[in-house]
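Have a look at the structure below before the remarks.
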Amino acid sequence: MSKGYRRFSWITDIPGLKTSIGDMLGIGFPKQPKLYPAITSQDDFAKYDEDWFKYTIEQKVLNHPANTLEYPFTGERIFDKPIIGFVRGDDPIFYEFKKIIGPHHFTPEEIMAWQARNNNLKPPPAADLAVVSFILPINKRTRDENKSQVDWTSERWAQTRRSGEIFSQTMVQEIVALLMQRGILAVAPDMTPMFHFKKYPGLGWTSPWSHRHIAYAAGLGSFGKHNLLITEKGSAHRCGSFAVNLNLQPDRVRNPDIHAHCLQYQGIDCLKCQARCPVDGISPTGHDKDICGKRVISSMKYCNRHYHIFIYGCGLCSTSTPCESEIPKALQQR
């Protein structure tokens with residue numbers, strides 16, 4: 001490709017525009033698939049168990065053509081092998097999220113009721129629902145490139161924010177559509193018209209469906225000073241989740257300490273994430289979402305000018321830290 005690749009990305013990078021603006025305004029997503037009458041027996045439904053979801057997500061991450069970066073890194077894999085967990089739809093933690101995140105945050109029952117009404121069905125009870133959560137670890141080459149950055153995100157990281165989000169949503173759309181075709185109600189909450197990532201009065205930048213918090217609920221990690229989820233694959237990752245009308249059972253233990261994997265919170269001097277933040281959005285007291293949000297949004301101009309893609313991102317605090325790609329070694333034995 002020539003050096004003029006997406007020269008006018010403010011208007012030509014349609015996928016990037018959809019990804020960025022869609023997150024903020026809840027527009028640009030494809031129509032939700034319609035539920036087909038059940039064409040399988042109850043015995044067939046049983047195959048859609050925890051192992052089926054783990055295998056299906058893992059195979060898509062490892063083999064899907066959309067899980068690749070674009071020019072000038074054409075063909076490089078965006079994400080490595082995922083980790084997957086489950087949360088029951090009636091888990092009380094979803095009501096805690098309404099206090100912690102805000103009353104606007106959906107419970108699985110609320111978002112599934114919307115999907116049921118779309119298909120002229122009676123909404124299923126929370127006890128009959130589950131949420132599938134997954135972590136997509138960012139590949140080492142991208143992490144290494146972002147380590148060298150001081151002020152703005154690297155090109156591979158910016159592409160990961162753009163193309164990685166497109167892949168994640170594509171993967172979930174394919175799984176949700178397959179389930180709906182088999183007569184199993186399912187929904188991707190962050191691809192509905194109600195999803196708005198914005199600054200809520202008195203709450204700061206947040207959304208009505210937090211993949212990070214749901215990953216914590218599924219036992220996939222805990223939060224650090226940078227407010228990112230530190231998993232067994234570290235904090236350099238993307239999260240995703242979707243709700244299903246199936247009785248899937250959690251197979252990981254949720255740590256009651258929401259900061260169990262953060263060195264600083266566990267009394268070991270670190271604050272490497274604070275040193276990485278170019279705008280002092282992280283301090284010994286925690287993470288300032290307002291400062292962070294403004295910086296991330298302002299990166300859109302930089303990414304367009306230097307990388308010719310329409311996206312925003314940062315990720316500096318999740319690289320070149322002890323929790324970048326693992327639980328910090330000092331805490332692993334605990």
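Keep in mind that this is a model prediction, so the values were computed, not measured.
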Can you see which heavy atom on [X] is nearest to which on [Y], and at what distance?
X	Y	result
Ser299	Gly313	OG-N, 2.8 Å
Ser283	Lys225	O-CD, 4.0 Å
Ile84	Pro82	CD1-CG, 4.1 Å
Ser154	Glu145	OG-OE1, 3.0 Å
Ala158	Thr153	N-OG1, 3.8 Å
Val87	Ile214	CG2-O, 3.9 Å

With the 4.5 Å side-chain cut-off for hydrophobic clustering, are [X] and [Y] part of the same group?
X	Y	value
Phe97	Trp114	yes
Met112	Val132	yes
Leu121	Leu129	yes
Tyr312	Val279	no

Quiz prompt | Side-chain cluster (under 4.5 Å, hydrophobic types only) that Val253 belongs to, other residues | solution =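 Members alongside Val253: none; it stands by itself.
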
Taking the side chain from [X] and the backbone from [Y], do they hold a donor-acceptor pair closer than 3.5 Å?
X	Y	value
Arg212	Asn227	yes
Ser168	Glu165	no
Thr319	Leu316	yes
Gln264	Pro284	no
His105	Ser210	yes
Ser320	Lys147	no
Tyr216	Asn255	yes
Asp80	Pro137	no
Lys233	Lys81	yes
Gln159	Tyr71	yes

[X] side, atom [atom1]; [Y] side, atom [atom2] - distance, nearest 0.5 Å:
X	Y	atom1	atom2	answer
Thr321	Arg143	OG1	CZ	10.0 Å
Tyr48	Asn245	OH	CG	14.0 Å
Ile311	Ser163	CD1	OG	8.5 Å
Lys34	Met180	NZ	CE	7.5 Å
Glu174	Lys60	CD	NZ	4.0 Å
Thr170	Asn67	OG1	CG	10.5 Å

Quiz prompt | CA sep, side-chain torsions, deciding dist, call: Phe86, Lys54, side chain to side chain contact (heavy atoms under 4.5 Å, CB included) | solution = CA-CA 10 Å; Phe86 309 93; Lys54 288 181 179 180; 3.8 Å; yes

Quiz item: Is Lys140 atom NZ crowded by more than 12 heavy atoms from other residues, nucleotides or ligands, each under 6.0 Å away?
Solution: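 No, not enclosed.
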
Practice problem: Among Leu136, Ile138, Leu69, find the one that has a side chain to side chain contact (heavy atoms under 4.5 Å, CB included) with Ile78. | Solution: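 For Ile78, the side chain to side chain contact (heavy atoms under 4.5 Å, CB included) test succeeds with only one of Leu136, Ile138, Leu69, which is Leu69.
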
Quiz item: Taking NZ, NE, NH1 and NH2 as the nitrogens, is one of them in Arg276 or Glu324 under 4.0 Å from a carboxylate oxygen of the other?
Solution: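 The answer is no: the pair does not qualify as a salt bridge.
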
Quiz item: Mind checking whether Phe53 and Phe242 have parallel, tilted or perpendicular rings, split at 30° and 60°?
Solution: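 The arrangement is tilted - the two ring planes meet at 30° to 60°.
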
Quiz item: Can you check side-chain hydrogen bond (donor to acceptor under 3.5 Å, both in side chains) on Asn119 and Gln32, steps first, answer last?
Solution: CA-CA 10 Å; Asn119 290 274; Gln32 292 284 322; over 6 Å; no

Quiz prompt | Pairwise salt bridge (charged side-chain N to carboxylate O under 4.0 Å, His left out) hits with a residue in residues 112-131, at least two apart | solution =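 Found none.
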
Quiz item: Pick one: which of His261, His259, His287, His213 meets ring pair (Phe, Tyr, Trp, His ring centres under 6.0 Å) with Phe223?
Solution: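 That would be His213; it is the only one of His261, His259, His287, His213 passing the ring pair (Phe, Tyr, Trp, His ring centres under 6.0 Å) with Phe223.
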
Exercise. Apply the test side chain to side chain contact (heavy atoms under 4.5 Å, CB included) to residues Gln115 and Asn118: give CA-CA distance (whole Å), side-chain angles for both, the deciding distance (0.1 Å), then the verdict.
Key: CA-CA 5 Å; Gln115 185 71 301; Asn118 284 345; 3.4 Å; yes

Practice problem: Please lay out, stage by stage, how Val131 and Trp209 fare under the test side chain to side chain contact (heavy atoms under 4.5 Å, CB included). | Solution: CA-CA 12 Å; Val131 179; Trp209 186 262; 4.0 Å; yes

Exercise. Write out all pairs satisfying ring pair (Phe, Tyr, Trp, His ring centres under 6.0 Å) with one or both partners inside residues 117-160, taking only residues at least two apart or from two chains.
Key: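 Listed once each, the pairs are Trp152-Tyr302.
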
Quiz prompt | Audit row: Ser207, Asp190, side chain to side chain contact (heavy atoms under 4.5 Å, CB included) steps and yes/no | solution = CA-CA 9 Å; Ser207 74; Asp190 63 334; over 6 Å; no

